[in-house]
Structures are given as C-alpha cells and as structure tokens.
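Notes follow the structure.
On a predicted model such as this, the values are computed, not experimentally measured, just so you know.
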Amino acid sequence: WCALSSVWGGDQPMKATKATMKDLEEGLPASRFPRTIQDAATVALSVGIPYMWIDSLCIIQDDPNDLALQLGDMPNIYHHALVTITASSARSVHKSFLHDRGHSYSTLPPVALRYKSSHGSDGRILFLEPQIQTDQREDFSEPIDERGWTYQERLLSPRALIYTRKQLIWSCETLDRIAGDPRPDEQSGDNTGWEDRLSGDLESIQEDSHIDGVLEGSREAVQHTWGQWAAIVEAYTARNLSNPDDKLPAISALARTYHARFSLTYLAGLWKE
C-alpha cells in the first residue's frame, strides 16, 4: 500500500463516519471524491499500487475508539507504506496537485535547441541551469509545510513522492532526486538539505550510537537525545493546527517511535527521565 499526506483545508466533503461506512465499503464513483484524493489514486494506480491509506477515509471520524486505534498505528502505517504520496502544493483537498511543472530555475530559464541525430531523426537539446539547489530557495515553502499533522507523516515515511508547486521530488533514505534533473544520481543530492529543512531526522533517532549511553545515564548521550526531541518539537510547534486539541495527538506517532527506540516514559510532550 501507499499512504497519502495532504492538507485537509477544512472539513472533508467525503470522509469515513458511521453513517457513510456502508457506502464507502460498497464503492463510490471517483468523481465523488475531492480532487486531491482523485490525483493520489491516479498516481498510485499509475505505479501499480492497488491500496492507499487516506486518513479521512481510513479512520472513522466519529468513532473515538477507531480514532485511538488508527492514530496509535500511524508509525507503522507510514513507515511500512511502499511510498507516501505527498500533495505538498495543494492548499486543500479540493485542489489538484497534478499539473505541468515545467523546468525549475533560479535565474536562467531553460533553452531548447533543435537537434538532428546521426540517424536523421529530429529532436531537441535542453540546456538547464546547473546545480539546482531546491532546498536553499526562498520560495521553496509549500502549503503542507504549514500544517501540524503532516510533520510526523513526512518524518515517518522512508520513501516519498513529493509534488511541490514547481517540482516533483523523489525522497528516500539514499537520496533526493528531482524529476527532470539531468545530473547523475551521485550529483543530484542526498537527504541532508531536505531533512535539515525539517529540523529533525528520525534516521538519527533510530540509530544505536547513543542508546547505550542514554540507558546508562551518560550526560553526553542524554543531552544528544533531548536535543533531538527539542528540535522535533521546535519544528512541529512552528506549524498550524485547526483544532488546538490536536496538539498532542498530531505528534503522538513521533513520540511512540521515540519511546520504542529509547524505552523512555512519555508524559504529554515531555519525558519523565
């Protein structure tokens, strides 16, 4: 399965409730669903993934028990998804994120020249500005970066297709690759810039380098661990939530991951130790 990460942008016109579950289980025309979900289904099917987890449709929104069950399983849902489809550019579920993005550039627009191959076929050569540094651009912020719930969804996803306003980005634990970037993989960048932008990387949380020291009370290891959590909280609290009551639930999946790694006691955003 794949997972969808997107901005709700208000109450959902199509969501799982006790009243709508029967209709959803029996199936509805694609046209009944918001545009973001339609686009996500298009992407999933185009790459051969038959199942997709969507929070508004896979959590019964008016069932507290199901909410608690699904939120508790979010670390597994996003971490084990084959890929997370991230609708970064869509400000609400009513917006499409599939559109012609062209070629990104900072100062020099791409130049195309006609070309005839040695076999006589016509084509063109595209000259692009070298060394595209997307993570350093001032206009790189996306609507999804403003929302609180989507922060943990991104950090929990080992692989993501990220549809920004100007670029399509493949991001995984090995590298970030921009669609249309002509540079070879070894020059196209790694996760450093992207994860630094999020001010916290779960890869380092899951490493073993500091766990023994934390359990033994090593001051250096403990300070490193708390520093990681402080960076996560700082980045998360800079984002917005429509419902103030979601402040703790919207970071609970990260807290569960942290607890599972370090066996610490979580106390509403803080740690007993």
Side-chain angles (χ1 to χ4, degrees), residues 1-17 19-61 66 69-71 73-104 134 142-145 147 149-181 185 188 191 194 253:
W1 76 89
C2 61
L4 174 64
S5 180
S6 64
V7 177
W8 276 30
D11 193 22
Q12 299 300 281
M14 180 66 69
K15 61 185 177 182
T17 64
T20 63
M21 279 302 297
K22 183 178 180 180
D23 289 339
L24 290 172
E25 290 172 349
E26 292 178 350
L28 293 170
S31 59
R32 292 280 302 277
F33 293 89
R35 190 58 185 270
T36 294
I37 293 177
Q38 292 185 42
D39 284 359
T42 297
V43 173
L45 293 174
S46 69
V47 296
I49 303 176
Y51 303 105
M52 179 163 53
W53 192 90
I54 304 171
D55 52 7
S56 61
L57 300 177
C58 295
I59 302 175
I60 304 175
Q61 301 296 319
D66 192 60
L69 177 66
Q70 295 292 335
L71 291 179
D73 204 33
M74 277 188 67
N76 291 323
I77 291 170
Y78 280 92
H79 185 71
H80 294 292
L82 184 61
V83 66
T84 296
I85 299 170
T86 305
S88 295
S89 62
R91 192 164 289 279
S92 80
V93 75
H94 301 286
K95 302 296 183 180
S96 172
F97 63 84
L98 295 181
H99 56 268
D100 184 6
R101 287 165 169 78
H103 296 278
S104 295
T134 56
E142 300 289 332
I144 204 168
D145 297 327
R147 308 307 304 170
W149 277 101
T150 59
Y151 181 69
Q152 64 178 4
E153 294 169 0
R154 177 65 191 94
L155 285 186
L156 291 169
S157 302
R159 293 164 297 277
L161 276 171
I162 305 163
Y163 289 82
T164 72
R165 289 171 295 171
K166 298 183 178 181
Q167 296 169 330
L168 168 60
I169 302 172
W170 165 261
S171 181
C172 65
E173 294 177 355
T174 304
L175 55 80
D176 286 350
R177 185 65 189 265
I178 304 163
D181 188 346
D185 288 349
S188 62
N191 273 348
W194 182 268

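Under the 4.5 Å side-chain criterion, counting only non-hydrogen atoms from C-beta, His80 is not in contact with Pro158. Within the 4.5 Å cutoff, side-chain heavy atoms of Gln12 are placed close to those of Val93. Contact annotation: the side chain of Pro34 approaches that of Pro13 to within less than 4.5 Å [non-hydrogen atoms, C-beta and beyond].
A distance of 7.5 Å separates CD1 of Ile169 from OG of Ser88, quoted to the nearest 0.5 Å. Here the straight-line distance linking atom CG of Asp73 with atom NE2 of His79 works out to 12.5 Å at 0.5 Å rounding. Here Lys15 contributes atom NZ and Ile37 contributes atom CD1; the two are 12.0 Å apart, rounded to the nearest 0.5 Å. Interatomic distance, Trp149 CH2 to Leu71 CG, rounded to the nearest 0.5 Å: 4.5 Å.
Of the possible donor and acceptor atoms, none in the side chain of Gln61 sits under 3.5 Å from a partner among the backbone N and O of Ala16. Between the side chain of Ser157 and the backbone N or O of Ala160 there is no donor-acceptor pair closer than 3.5 Å. Using a distance-only test at 3.5 Å, with no hydrogens or angles considered, a donor-acceptor pair links the side chain of Asp145 to the main chain of Glu142.
Listed by chain and number, the residues in a side chain to side chain donor-acceptor pair (under 3.5 Å) with Thr20 are Thr17 (sequence neighbours excluded). Under the side chain to side chain donor-acceptor pair (under 3.5 Å) criterion, Thr36 pairs with no residue at all, not counting sequence neighbours. The side chain to side chain contact (heavy atoms under 4.5 Å, CB included) test applied to Ala81 returns Trp1, Ala3, not counting sequence neighbours. Under the side chain to side chain donor-acceptor pair (under 3.5 Å) criterion, Asp66 pairs with no residue at all, not counting sequence neighbours. Residues that satisfy the side chain to side chain donor-acceptor pair (under 3.5 Å) test with Asp23, not counting sequence neighbours, are absent from this structure. Every residue was checked against the salt bridge (Lys or Arg N to Asp or Glu O under 4.0 Å) condition with Arg147, not counting sequence neighbours, and none meets it.
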Exercise. Kindly determine whether Cys172 and Trp170 satisfy side-chain contact (heavy atoms from CB on, under 4.5 Å), including the steps that lead there.
Key: CA-CA 7 Å; Cys172 65; Trp170 165 261; 3.4 Å; yes

Exercise. Apply side-chain contact (heavy atoms from CB on, under 4.5 Å) to the pair Thr86 and Tyr163, showing each step before the final yes or no.
Key: CA-CA 6 Å; Thr86 305; Tyr163 289 82; over 6 Å; no

Quiz item: Between Leu24 and Met14, is a side-chain contact (heavy atoms from CB on, under 4.5 Å) present by the stated rule, with each step listed?
Solution: CA-CA 9 Å; Leu24 290 172; Met14 180 66 69; 4.0 Å; yes

Practice problem: Check the pair Thr84, Leu161 against side-chain contact (heavy atoms from CB on, under 4.5 Å), reporting the backbone distance first and the verdict last. | Solution: CA-CA 6 Å; Thr84 296; Leu161 276 171; over 6 Å; no

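The two residues His99 and Ser89 come nearest to each other via the heavy atoms CE1-OG, 4.2 Å.
In this structure, a donor-acceptor pair under 3.5 Å is present between the side chains of Ser171 and Arg154. With no hydrogens or angles considered, a side-chain donor-acceptor pair links Glu153 and Ser5 at under 3.5 Å.
The salt bridge (Lys or Arg N to Asp or Glu O under 4.0 Å) contacts involving residues 76-98 comprise Arg91-Glu146, where partners must be two or more places apart or lie in separate chains. Within the structure, salt bridge (Lys or Arg N to Asp or Glu O under 4.0 Å) pairs that include any residue of residues 25-36 comprise Arg35-Asp39 (at least two apart or interchain).
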Acceptor/donor pairs from residues 52-60 side chains to any protein atom, 3.5 angstrom cut, sequence neighbours excluded:
from  : atom 1 : to   : atom 2 : distance (Å)
Asp55 : OD1    : Trp8 : NE1    : 3.2
Asp55 : OD2    : Trp8 : NE1    : 3.4

